[in-house]
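Keep in mind that what you see is a predicted model, and the values were worked out from it rather than measured. When a ligand or atom number is given, it counts from 1 through the structure's own listing order.
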Amino acid sequence: MITEMIREKIGEGVFGRELYYFESVDSTNLAAKKFALDGAAEGSVVLAREQTSGTGRQGREWISEPGKDLACSLILRPAIDPARIGVLSLFASTGVAAALGAMTGMECRCKWPNDVLLGGKKVSGILSESILGGREVRAVVIGIGVNVNRDTFPPPIGDAATSLLLATGRPWEPGDVLARILRELESRYMFPASGRQDEACDAILNEWSERSAVLGREIVVEQGERQLRGRAVSVDADGSLVLETPQGVHHLAAGDVHIV
Ligand code: BTN
C-alpha cells in the first residue's frame, strides 16, 4: 500500500501521523480544508498523486505531473494572533527550503512571499489558507507543491522554473521529499503551546531573512496593475515585505516579486 510506504518514510513525527492519500483529488488544499473543518488533528497531511484543480496563489492554476511531483497539504492549529498569520507562509517556505537544500546540497532560497528557489529558479510554491472562527485561528492549511521529477515546463513558466531532477541530474522519490519536508517543518514549529508566539515568529522571521533571495536586492513588486520598484530591506513582524523606493517606504502584504 502506498500509504504504508509513505508512513514508513515519515517515521514517528506528529506531522504526517494522520495521512489522507488520494490517487486523484481536485486540490489537496480543498480536501485539507474540509478535513480541518471536520476536526482533523494538527499535523494531518493530505497527499495526492494527481490534482485536477491544483491552485496557486491569486487563484492561478498549479500544475504538477501525476506520480512525478509532490502535491500535499499540512493542517496546523497554531496558537497565533490572526494579525501574524502571514508569518506561517514564511515558516513553510523556510522549512521547504531547508529540506530541499539539505537533500540536494544546493543553495535553496526563499522568495517572498512563499516561493522556494533552487539554483535561482522556482522549485516549489506554497499556498497557505486560514480558517478563522471569530477572532481565533481555527486552522491553517499549508499547501506545498514541489517540482520533483518533471523535465519540461511549458511557456510562459519555461526558464523561471526547475525541478529536483533538472537541478541535480538525478530522479528523486516524492515520498522521501515529503518526509524530509515534514521533518524540517516539525522541527521549526513552535506554535502548539500558546504564550511563546512572539519568540516563535521572531525565530521564523530571522531564519527566513537568512535564506531570503530578495532582501538587499533591487526588485519589482506587481500588485495587479500597480508596479513598485525598489530595494527589499526587511520583513515586518506580520510577514509583510518592506520595500524602499524613491517615493518612500512601502509595507507590502501581497504581490508578485521579480528580482531585477
Ligand atoms: C504558488 O506558487 O502559486 C503556490 C502553489 C501551491 C501549490 C500546492 S500543490 C498542493 C496544494 N494544493 C493546491 O491546490 N495548491 C497547493
Side-chain angles (χ1 to χ4, degrees), residues 6 15-16 19-37 40 44-76 85-86 88-97 99-100 108-118 120-131 139-150 153-154 156-164 174-175 177-179 181-182 185 208 213-214 221-224 239 241 253-259:
I6 291 169
F15 285 11
L19 182 67
Y20 301 94
Y21 175 76
F22 292 88
E23 276 295 315
S24 180
V25 73
D26 45 8
S27 149
T28 57
N29 266 36
L30 282 176
K33 282 189 274 183
K34 287 183 199 141
F35 286 123
L37 285 169
S44 302
V45 169
V46 180
L47 174 67
R49 184 174 182 280
E50 176 188 50
Q51 293 189 115
T52 53
S53 300
T55 308
R57 284 193 316 114
Q58 310 195 342
R60 295 188 193 111
E61 186 182 24
W62 176 265
I63 297 171
S64 13
E65 274 199 36
K68 287 194 172 181
D69 294 329
L70 177 65
C72 64
S73 301
L74 170 67
I75 298 170
L76 298 176
I85 206 92
L88 286 176
S89 284
L90 306 186
F91 154 77
S93 50
T94 303
V96 171
L100 303 184
C108 198
R109 297 204 156 264
C110 301
K111 187 177 131 204
W112 188 88
N114 46 14
D115 287 350
V116 178
L117 308 182
L118 190 62
K121 297 183 175 190
K122 180 164 172 171
V123 69
S124 171
I126 290 157
L127 179 66
S128 303
E129 298 185 273
S130 341
I131 302 173
V140 175
V141 167
I142 309 266
I144 302 169
V146 182
N147 304 324
V148 179
N149 290 317
R150 191 129 42 117
F153 292 92
I157 305 170
D159 260 10
T162 192
S163 65
L164 295 182
V177 179
L178 171 67
I181 287 174
L182 293 178
L185 288 174
W208 185 91
V214 297
V221 184
E222 274 181 43
Q223 292 183 314
L241 184 69
D256 284 322
V257 167
H258 306 277
I259 299 168

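Within the 4.5 Å cutoff, no side-chain heavy atoms of N147 are placed close to those of K121. Side-chain contact between E222 and H258: present, with at least one pair of heavy atoms (C-beta onward) separated by less than 4.5 Å. Put simply, the side chain of L76 reaches to within 4.5 Å of the side chain of F15, judged on heavy atoms.
Under a 4.0 Å criterion applied to the non-hydrogen atoms of D115, ligand 1 contributes the atoms 2 (O). Close approach of ligand 1 to I126 is summarised as follows: ligand atoms under 4.0 Å from at least one heavy atom of the residue are 4 (C). Less than 4.0 angstrom separates some heavy atom of G56 from each of these atoms of ligand 1: 1 (C), 3 (O), 4 (C), 5 (C). Within ligand 1, counting atoms from 1 as listed, the ones closer than 4.0 Å to a heavy atom of K122 are 1 (C), 2 (O). Of all atoms in ligand 1, listed by their number and element, those nearer than 4.0 Å to a heavy atom of S27 are 12 (N), 13 (C), 14 (O). The atoms of ligand 1 that sit less than 4.0 Å from any heavy atom of G54 are 14 (O). Listed by number with element, the atoms of ligand 1 under 4.0 angstrom from any heavy atom of N29 are 11 (C), 12 (N), 16 (C). Numbered from 1 in the order shown, with element, the atoms of ligand 1 that lie under 4.0 Å from a heavy atom of R57 read 1 (C), 3 (O), 4 (C).
When hydrogens are left out, the protein atom nearest atom 15 (N) of ligand 1 is T55 O, 2.7 Å; that is the closest non-hydrogen contact. Distance from atom 11 (C) of ligand 1 to its nearest protein heavy atom, with residue and atom name: T28 OG1, 3.2 Å. Remark: minimum distance from atom 8 (C) of ligand 1 to any protein heavy atom is reached at G145 N, 3.6 Å. Protein heavy atom in closest approach to atom 5 (C) of ligand 1: W62 CE3, 3.4 Å.
Between F22 and F35, the ring planes are tilted. Angles from 30° to 60° get that label.
In this model, no donor atom of one side chain and acceptor atom of the other lie less than 3.5 Å apart for S93 and N114.
Residue N114 does not touch ligand 1, judged by heavy-atom distances below 4.0 Å. When heavy-atom distances to ligand 1 are checked against a 4.0 Å cut-off, S64 has no atom that comes that close, whether in backbone or side chain.
At a 3.5 angstrom cut-off on N or O pairs, S73 does not count as close to ligand 1. The N/O atoms of Q51, backbone and side chain alike, include one that comes under 3.5 Å of an N/O atom in ligand 1.
Rounded to the nearest 0.5 angstrom, L164 CG and C108 SG are separated by 8.5 Å.
The minimum heavy-atom distance linking C72 with L178 is given by the pair SG-CD1, 3.8 Å.
When the options V25, V45, V46, T28 are evaluated for a side-chain contact (heavy atoms from CB on, under 4.5 Å) with Y20, the one that passes is V46.
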Decide yes or no on side chain to side chain contact (heavy atoms under 4.5 Å, CB included) for S24 and T52, but give the supporting numbers first. CA-CA 7 Å; S24 180; T52 53; 3.7 Å; yes
Kindly indicate, with the supporting measurements, whether the criterion side chain to side chain contact (heavy atoms under 4.5 Å, CB included) is fulfilled by F91 and L88. CA-CA 5 Å; F91 154 77; L88 286 176; 4.2 Å; yes
